[in-house]
Amino acid sequence: MTTPEAYRALFEPIALGPKTLPNRFYQVPHCGVGDLRPGTQAAFRAIRAEGGWGAVCVESASISPETDQGPVHLARIWDEYDVRNLEVVADSIHEHGALAGIELWWGGGSSCSGLETRMPGRAPSQIACVGTPWVSPQEMSLADVADVLELFSLAADRARRAGFDIVYVYGAHSQGPMQFLSTTFNHRGDAYGGSFERRARFWLECLDTVRDTVGSDLAVTTRISVQDFGWGGVSNDEALAFVGLADSRVDFWDVNVGSLDWTTDIASSRFFPQNSQQPWTSKIRSQTRKPIVCVGRFTDPSVMTGALRSGQCDIIGAARPAIADPFLPNKVRDGRVDEIRECIGCNYCLSRWAQGGAPVACTQNPTAGEEYRRGWHPERYSPARNAHKSVLIVGAGPAGLECARVLGLRQMSDVHLVDAAETPGGSLSWLSSLPRLGEWRHVIDYRVAQLGKLANVQAIARRRLTSDDVREYGADIVIIATGAHWAGDGMGPATYGPIPGASSDHGHVVTPEQLLIDRKPVGGTVVVYDCEGVVTGIGICELLASQGKHVTLLTPADSPGEYARFTGEVPQVRRALATAGVAVRTETIVTRVDDSAIGVRGVYDDEETEIACDSIVLLTQRRSDDSLYAELASAGAAPVAQGAVYRIGDCVAPRMTADCVYDGHRLAREIDSPDPSRPLPFIRELRLLGNSGDTDYSRQLDTHAGPLLHRATT
Ligand code: SF4
């Protein structure tokens with residue numbers, strides 16, 4: 001296939017010092033795998049290389065046990081065992097012709113939890129970290145400075161021997177080298193503190209040390225944040241000055257924004273458009289003669305080529321777009337732009353890591369993180385052994401759409417996707433109509449577009465099926481994906497039962513569906529009771545405020561939209577609510593609902609007070625719409641064609657959109673397994689005592705369903 005003329009610039013090779021990047025697509029270091037799952041690390045990165053990313057980097061690799069960000073795990077390059085595992089990662093990337101990069105990470109005072117290693121962190125000055133203010137780092141002596149430089153040298157040598165092509169000194173996000181440069185974190189009075197040149201010295205010495213160690217065969221770079229937004233990083237002026245000062249020491253620059261507050265870097269689509277870092281990162285051009293990598297959730301090749309053309313950057317860096325679509329570069333190259341599975345900027349991927357280190361997963365790409373343990377390839381689907389069977393899927397929400405797409409790709413002979421609504425999308429249709437959530441619609445649009453290319457899949461709208469209809473339909477396999485609805489009686493996690501007086505049959509009690517689908521009117525003074533804490537309640541508050549309502553967000557949690565702490569959106573959520581004029585009351589439970597008021601009490605006290613309001617919007621919990629499934633699958637129910645009835649998504653249990661997409665994908669991947677209702681086993685990367693080496697794990701290849709992986713028993 002021919003690369004469209006407009007995108008040719010994205011496929012021009014470029015020199016990175018001694019190495020050549022084969023195109024302008026660069027998967028920057030990003031978290032989500034870590035050192036505990038080396039097989040996952042290798043397979044996850046290799047798939048990105050196969051998909052056309054010219055360089056693929058491992059996430060930050062701690063160079064010493066003192067950089068311990070427990071409980072989450074990132075990569076580590078402490079010893080020869082790490083070298084062995086990382087060698088496999090680098091080899092896997094090289095197999096597809098990409099460069100392999102590794103980011104040497106010494107966190108200084110910003111990653112010194114010591115939760116696993118019990119070691120204190122060292123830092124330029126003894127200043128408690130924002131992230132872990134209950135511990136302070138050890139202030140470094142000059143001997144400590146020399147010691148850390150030695151750690152960089154040892155780690156760089158390991159990286160070289162592991163076969164990496166690109167070695168980073170990680171500074172951005174207020175890591176150790178950047179702390180030395182920062183007047184906030186560096187209060188030293190010796191040769192490493194005070195003037196700009198003295199504060200810059202340590203970072204420069206890190207670069208010199210790494211260069212001296214790896215020689216001229218490897219590309220050396222550093223990651224720098226050029227705008228700290230007042231969170232104690234480095235001012236824009238000094239960051240730019242540092243670029244000029246260090247330019248001769250690096251082969252290229254990896255530039256972003258943010259500091260200890262990195263929410264502007266992992267910018268969610270709710271608050272930041274594509275290429276939102278441009279105003280700051282574009283400024284470094286005047287300071288450097290070297291190639292520049294920029295990030296900005298680039299998913300649109302036109303925006304990418306625009307960034308190259310404008311001189312903002314030379315290379316398109318990406319983390320989330322590469323998670324959502326590992327094959328994005330190849331799709332652009334082959335003129336298949338309509339097949340790009342666009343990152344929606346929901347930050348679900350990040351949220352899992354931020355909750356304690358769960359492996360990477362993605363709303364748009366259910367194969368992310370499953371490449372090794374389940375053997376799932378994002379672009380390859382084997383024909384199903386039972387492809388001759390017909391399938392009826394009831395419900396075209398995220399789970400149903402994904403299930404239909406994968407069944408279509410697996411060449412099932414006849415797949416019908418039936419939905420009662422006018423348009424597909426299920427609950428995501430109305431959810432994505434809320435303020436700031438427009439990009440979430442890509443989950444629907446991508447799948448609808450791909451289904452349109454599959455002749456064996458038919459989408460049928462405006463048809464509500466009863467259990468008798470389903471039986472008469474005559475499909476061999478029936479999959480119920482009827483979703484869930486918000487409880488109308490206040491059932492939820494705060495009261496563990498209905499709230500007295502709450503009923504969505506009453507005019508003043510409203511569920512999200514009633515508000516957004518049925519257009520049920522609400523009064524001028526509204527309470528939004530948000531027990532979910534993700535995006536729905538915040539969106540409804542902003543919507544109602546924009547309509548001139550007096551809105552109070554009330555939540556049992558200690559912060560509004562509390563999941564934002566995992567998605568990196570806390571400052572933005574707070575500012576958005578304040579800007580909209582939404583009053584916020586946290587740690588509060590609704591105890592009763594009357595006609596013109598609600599009873600409330602604090603989470604930690606029993607005294608009830610009253611809040612007057614015209615309407616209350618209840619987001620207490622969702623409940624599965626599972627009656628159709630129950631009628632078809634319960635004991636004693638009349639049999640359906642061949643008796644194969646499954647359910648997926650919220651119909652099983654209301655979950656995040658990502659989990660519903662995954663559920664639909666999983667069932668379709670395993671539709672020809674012995675019992676599709678039960679997930680096949682997956683590899684657990686678990687050390688087996690008494691065994692050693694790779695023989696601890698085995699792969700059984702099931703040629704029809706993709707690799708069927710399991711841990712060997714001994
Ligand atoms: Fe993008 Fe969301 Fe996937 Fe992360 S989880 S890569 S933000 S679509």
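Ligands are counted one by one from 1 in listed order, and the atoms in each one are counted from 1 as well. Below, all heavy atoms of this structure are taken into account, side chains as well, without hydrogens, waters or symmetry copies.
Under a 4.0 Å criterion applied to the non-hydrogen atoms of Ile344, ligand 1 contributes the atoms 1 (Fe), 8 (S). Those atoms of ligand 1 with a heavy atom of Asn347 less than 4.0 angstrom away are 2 (Fe), 7 (S). Proximity to Gly345 (heavy-atom distance under 4.0 Å) selects the following atoms of ligand 1: 1 (Fe), 7 (S).
Closest to atom 6 (S) of ligand 1 among all protein heavy atoms lies Arg320 O, 3.4 Å. Atom 4 (Fe) of ligand 1 has Cys349 SG, 2.3 Å as its closest protein atom, hydrogens excluded (heavy atom only). For atom 2 (Fe) of ligand 1, the closest non-hydrogen atom on the protein side is Cys346 SG, 2.4 Å.
Side chain to side chain, Tyr662 and Asn365 fail the donor-acceptor criterion of an N or O pair below 3.5 Å. Judged purely by distance below 3.5 Å, without hydrogens or angles, the side chains of His377 and Glu50 pair a donor atom with an acceptor atom.
Look at Cys362 and atom 3 (Fe) of ligand 1: an N/O/S atom of the residue is under 2.8 Å from the metal. For atom 2 (Fe) of ligand 1, the N/O/S atoms of Cys343 include none lying under 2.8 Å.
The cationic group of Arg373 lies under 6.0 Å from the six-membered ring centre of Phe682 and within 45° of the ring axis, placing it in a cation-pi geometry.
A salt bridge links Arg565 with Asp558: at least one charged nitrogen is closer than 4.0 Å to a carboxylate oxygen.
Distance check, rounded to the nearest 0.5 Å: CD1 of Ile479 to CG of Leu667 gives 4.5 Å.
Using the six-membered ring where Trp is involved, His30 and Phe44 have ring planes that are perpendicular, over 60° apart on the 30 and 60° scheme.
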